[in-house]
Amino acid sequence: MIMLFNTLSRKKEVFKPIEEGTVKMYTCGPTVYDFAHIGNFRAYVFEDLLHRFLEYAGYRVIRVMNITDIDDKTIAGAIRENVSLQQYTEKYIRAFFEDMECLKLKKAAYFPRATHHIPEMVSIIKILLEKGYAYEKDGSIYFRISSFPSYGKLSQYDFDRITTARTDSDEYEKEQARDFALWKGTKDEPFFWNTDIGKGRPGWHIECSAMSMKYLGETFDIHTGGVDNIFPHHENEIAQSEAVTGKKFVNYWLHCAHLLVNGEKMSKSKGNFYTLRDLLKKGYAPDGIRYLLMTTHYRDPLNFSEQSLKQAENTVKHLQAFHQRLFFATNINGESEPEIAKTIEAASEGFFNALADDLNISAAMAEIFSFVRNVNESFEAGKLKAKDAEKIIEFLNRINEVIAVIETAGEKLPGDIICLIRKREQARKEKNYQLADSIRNEIADKGILLEDTPYGTRWIKK
RNA sequence: GGCCAGGUAGCCAAGCGGUAAGGCAACGGUCUGCAAAACCGUUAUUCACCGGUUCAAAUCCGGUCCUGGCCUCCA
């Protein structure tokens, strides 16, 4: 049984998809006006963990991640560089996919772009106009919030008590300040579409309604995003979508908390602003970054610092070394220990149960670490045999489908290094330690660390 | 001002009524030709603060202080 915290009810709920065995999930993706920063990736890593865990639990996951390629910022950027909107956004889209790969973020089934779905948006807006949920004013079209009584149910705002100077002095002509734009009429802006509802461009929220319903249906299982999207973005999506279909839009809303840097909000002016690329340039490893972003529970604020990134890197390094070291036991013949199977079983169950409880990754990792300790004990005691080592590797590979921080490929050493290791073994037997040490240094320069154990020399990648 | 999160060891982080998981770092030990790695052990009488409820509170209630978020287009 999987429990997920639903923002709609502010409670953990038993997860039950509409269609048995399949999860339909929409995750708010990037606005491609710049390189994504690590705060953005915190959300994407959370979504990735959710995606991976649901698959681990046996579900088929159909995920959509939108790409917002038309909004005030992409327009401003294209104008500034005097290029087409597509030319401007293309490089950030490409960069985003590179970054995703770097952090081992699983691909969604669909990455729809807003600019490719204008007709779908227009048709929703037309229905909203027909049904009286929307009105046109001065070339733009707005959603009439007063026509949708449950507005505010996601954010739990009491709109009768909220009025701010900001909303009152809005630049657009609306009936009510809180009404939001579905379609923005344009007069002399360079980017627009000529449609049945006039010349203009879409508002922000409508793209998610149009694209999610196109690929996932009128009602689907999970919709995620950062907490800052709860209001107004997701609130507006609900209003638009439910007004059009008369059906519930989304069953489970999941939102992740923000990332802070050294206890402060990340901002360019404070100089604590990091993109993934910045961190890679500083020499940090992608797996460490992924681990750090992943291992704070998604609903808690994550305080990022380079110190904690180093800690995360060390943790991953240990896990990696553990995985590689297991291959040295695959040569040891003997009967398998029944304890090992039990240890795997317990870890597997603990890992699953922790994640099934609203993605409690810390508890899940604690299971893994205690498993590692148990296996190491057997290893040190010489009780780990090939049959068991293989089972353990298989188990690690399985959970790595969820955590994705262990490099599981390529466990073979090049022949020349194997020869060097043998040569050094011989030198050690002959107590020619000078030669042995120089070979060890030579191999170390190639990124391979040697460990002499009572059972022979092991190697691990640095 | 309204609403919503969070404050747990040097750092990161679980636990959310039954007497403080785990990781990193550090230190001591075992092993080693020396290393490295690994293993074992140690590291919070205490969970921002003050009251209260309870046989029992980090966990519930009230108040205070800090940090962050949202309040119309920021994950």
Side-chain angles (χ1 to χ4, degrees), chain A residues 7 10 27-31 36-47 68 71-73 145 152 155-159 161-164 166-167 170-172 174 177-181 184 203-205 224-233 235-236 255-260 263-267 291-292 295-305 307-319 321-322 325 354 360-370 372-373 376-381 428 431-434 436-437 440-441 444 449-454 458-460:
Chain A
T7 307
R10 313 271 158 152
T27 51
C28 277
T31 300
H37 57 70
I38 53 167
N40 298 314
F41 282 112
R42 201 278 237 254
Y44 305 142
V45 168
F46 146 63
E47 288 155 1
T68 301
D71 82 317
D72 292 348
K73 286 175 182 153
I145 282 171
S155 52
Q156 297 186 1
Y157 284 160
D158 180 353
F159 287 90
R161 298 173 62 188
I162 296 176
T163 18
T164 67
R166 214 163 140 195
T167 56
D170 202 281
E171 58 181 299
Y172 298 103
K174 310 176 198 172
R178 59 201 178 106
D179 289 350
F180 61 91
K184 299 182 177 184
W204 175 37
H205 317 294
T224 68
V227 285
D228 53 343
N229 277 158
I230 295 173
F231 188 86
H233 187 49
E235 195 72 70
N236 292 351
H255 293 95
C256 80
H258 272 235
L259 173 141
L260 304 175
E264 293 184 306
K265 188 179 178 176
M266 183 166 56
S267 74
Y291 185 86
L292 178 60
T295 48
T296 294
H297 184 79
Y298 74 92
R299 283 192 285 118
D300 285 333
L302 164 60
N303 188 12
F304 178 91
S305 66
Q307 186 192 9
S308 41
L309 181 52
K310 282 187 197 111
Q311 292 177 6
E313 278 191 348
N314 285 338
T315 307
V316 171
K317 221 182 272 176
H318 289 164
L319 238 27
F322 173 72
R325 205 177 297 116
N360 189 339
I361 185 68
S362 302
M365 289 314 297
E367 290 289 338
I368 300 309
F369 291 121
S370 101
V372 168
R373 200 170 47 244
N376 275 333
E377 277 170 27
S378 297
F379 203 158
E380 291 300 310
R428 288 182 69 225
K431 298 202 191 292
N432 184 352
Y433 296 124
Q434 204 181 345
D437 288 354
R440 184 166 63 195
N441 289 338
L449 289 181
L450 296 185
E451 306 174 357
D452 300 324
T453 75
R458 307 163 179 165
W459 59 271
I460 55 165

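Each chain gets a letter, A, B and so on, in the order its sequence line appears, and its residues count up from 1. Model, not experiment: these values are computed from the prediction.
Using a 4.0 Å heavy-atom distance criterion, A/His233 is classed as making no nucleic acid contact. At a threshold of 4.0 angstrom between heavy atoms, the contacts of A/Leu259 include nucleobase atoms, whether or not backbone atoms are also involved. A/Gly39 comes within contact range of at least one nucleobase, with a heavy-atom separation under 4.0 Å.
The nucleotide whose nearest atom lies closest to any side-chain atom of A/Phe231 is, among B/C24, B/C70, B/C40, B/C70.
Between A/Lys73 and the phosphate of B/C74, there is a side-chain N or O to OP1/OP2 separation shorter than 4.0 Å. Listed pair A/Asn236 / B/C73 fails the phosphate criterion, with no side-chain N or O lying under 4.0 Å from OP1 or OP2.
Of the C1' atoms belonging to B/C55 and B/A44, the separation is 25 Å, rounded to the nearest Å. Rounded to whole Å, the separation between the C1' atoms of B/A37 and B/A13 comes to 26 Å. Rounded to the nearest Å, the gap between the P atom of B/U19 and that of B/C71 is 42 Å. Spacing of P atoms, B/A58 relative to B/G7, comes out at 15 Å, to the nearest Å. The same atom, P, is picked in B/U43 and in B/C60; the two are 29 Å apart, to the nearest Å. Nucleotides B/U8 and B/C16 place their C1' atoms 12 Å apart, quoted to the nearest Å. The P atoms of B/A20 and B/A5 are separated by 28 Å, rounded to the nearest whole Å. With P as the reference atom, B/C39 and B/A25 are 12 Å apart, rounded to whole Å.
Protein atom CD of A/Glu367 is 13 Å distant from nucleotide atom P of B/G15, rounded to whole Å. For the pair A/Arg42 CZ and B/G68 P, the computed distance is 16 Å after rounding to whole Å. The distance from atom CD1 of A/Ile368 to atom P of B/A14 is 17 Å, rounded to the nearest whole Å. Rounded to an integer number of Å, the gap from CG of A/Leu260 to P of B/C66 is 17 Å. Distance OH (A/Tyr298) to C1' (B/A14): 15 Å, rounded to an integer number of Å.
Side-chain contact between A/Asp72 and A/Trp204 is absent, with no heavy-atom pair separated by less than 4.5 Å. By the 4.5 Å heavy-atom criterion applied to side chains, A/His297 and A/Ser362 are not counted as neighbours. When side chains are defined from C-beta on, A/Ile230 counts as touching A/Thr7, because their heavy atoms get closer than 4.5 Å. Side-chain contact check for A/Pro301 versus A/His258: every heavy-atom pair is 4.5 Å or farther apart. The shortest distance between side-chain heavy atoms of A/Met266 and A/Leu260 does not fall below 4.5 Å.
For A/Asn303 (side chain) and A/Gly263 (main-chain N/O), a donor-acceptor pair under 3.5 Å exists by modelled atom type. In this structure, the side chain of A/Ser308 does not engage the main chain of A/Phe304 through any donor-acceptor pair within 3.5 Å. Without hydrogens or angle criteria, A/Arg42 side chain to A/Ala257 main chain gives a donor-acceptor distance under 3.5 Å. A donor-acceptor pair is defined here as one N or O able to donate and one able to accept, closer than 3.5 Å; such a pair exists between the side chain of A/Glu235 and the backbone of A/Gly152.
Between A/Ala312 and A/Tyr291 the shortest heavy-atom distance is CB-CD2, 3.8 Å.
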Nucleotide-resolved protein contact map, nucleotides 4-13 of chain B, B/S/- at heavy-atom distance under 4.0 Å
-SS----BSS

Base, backbone or nothing for each nucleotide of nucleotides 31-38 of chain B, written B, S, -, heavy atoms under 4.0 angstrom, 5' to 3'?
--BBBBSS

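Across every strand in view, B/G51 sits in a pair with B/C61 that passes the Watson-Crick or G-U test at under 3.5 angstrom. A 3.5 Å limit on both hydrogen-bonding distances identifies B/C40 as the Watson-Crick or G-U partner of B/G28. Summarising the base pairing, B/A35 is matched to no nucleotide, lacking a Watson-Crick or G-U wobble pair whose two defining distances lie under 3.5 Å. Base pairing of B/C3 is made with B/G69, judged by Watson-Crick or G-U wobble geometry with both donor-acceptor distances under 3.5 Å. For B/C11, the paired nucleotide is B/G23, the pair qualifying as Watson-Crick or G-U wobble because both relevant distances are below 3.5 Å. Taking a pair to require two hydrogen-bonding distances under 3.5 Å in either a Watson-Crick or a G-U wobble arrangement, B/U46 remains unpaired. Pairing partner, B/G17: none, since no Watson-Crick or wobble contact has both distances short of 3.5 Å.
Taking for each of A/Lys310 and A/Lys265 the nucleotide of RNA chain B with the nearest heavy atom, the 5'-most of the two is the partner of A/Lys310. Each of A/Gly225 and A/Glu264 has a nearest nucleotide on RNA chain B; the 5'-most of these lies closest to A/Glu264.
Partners of A/Phe46 by ring-ring contact (aromatic ring centres under 6.0 Å, His included), not counting sequence neighbours, listed by chain and number: A/Tyr298.
Aromatic ring pairs are classed by plane angle as parallel below 30°, tilted from 30° to 60° and perpendicular above 60°; the pair A/Phe180 and A/His205 is perpendicular.
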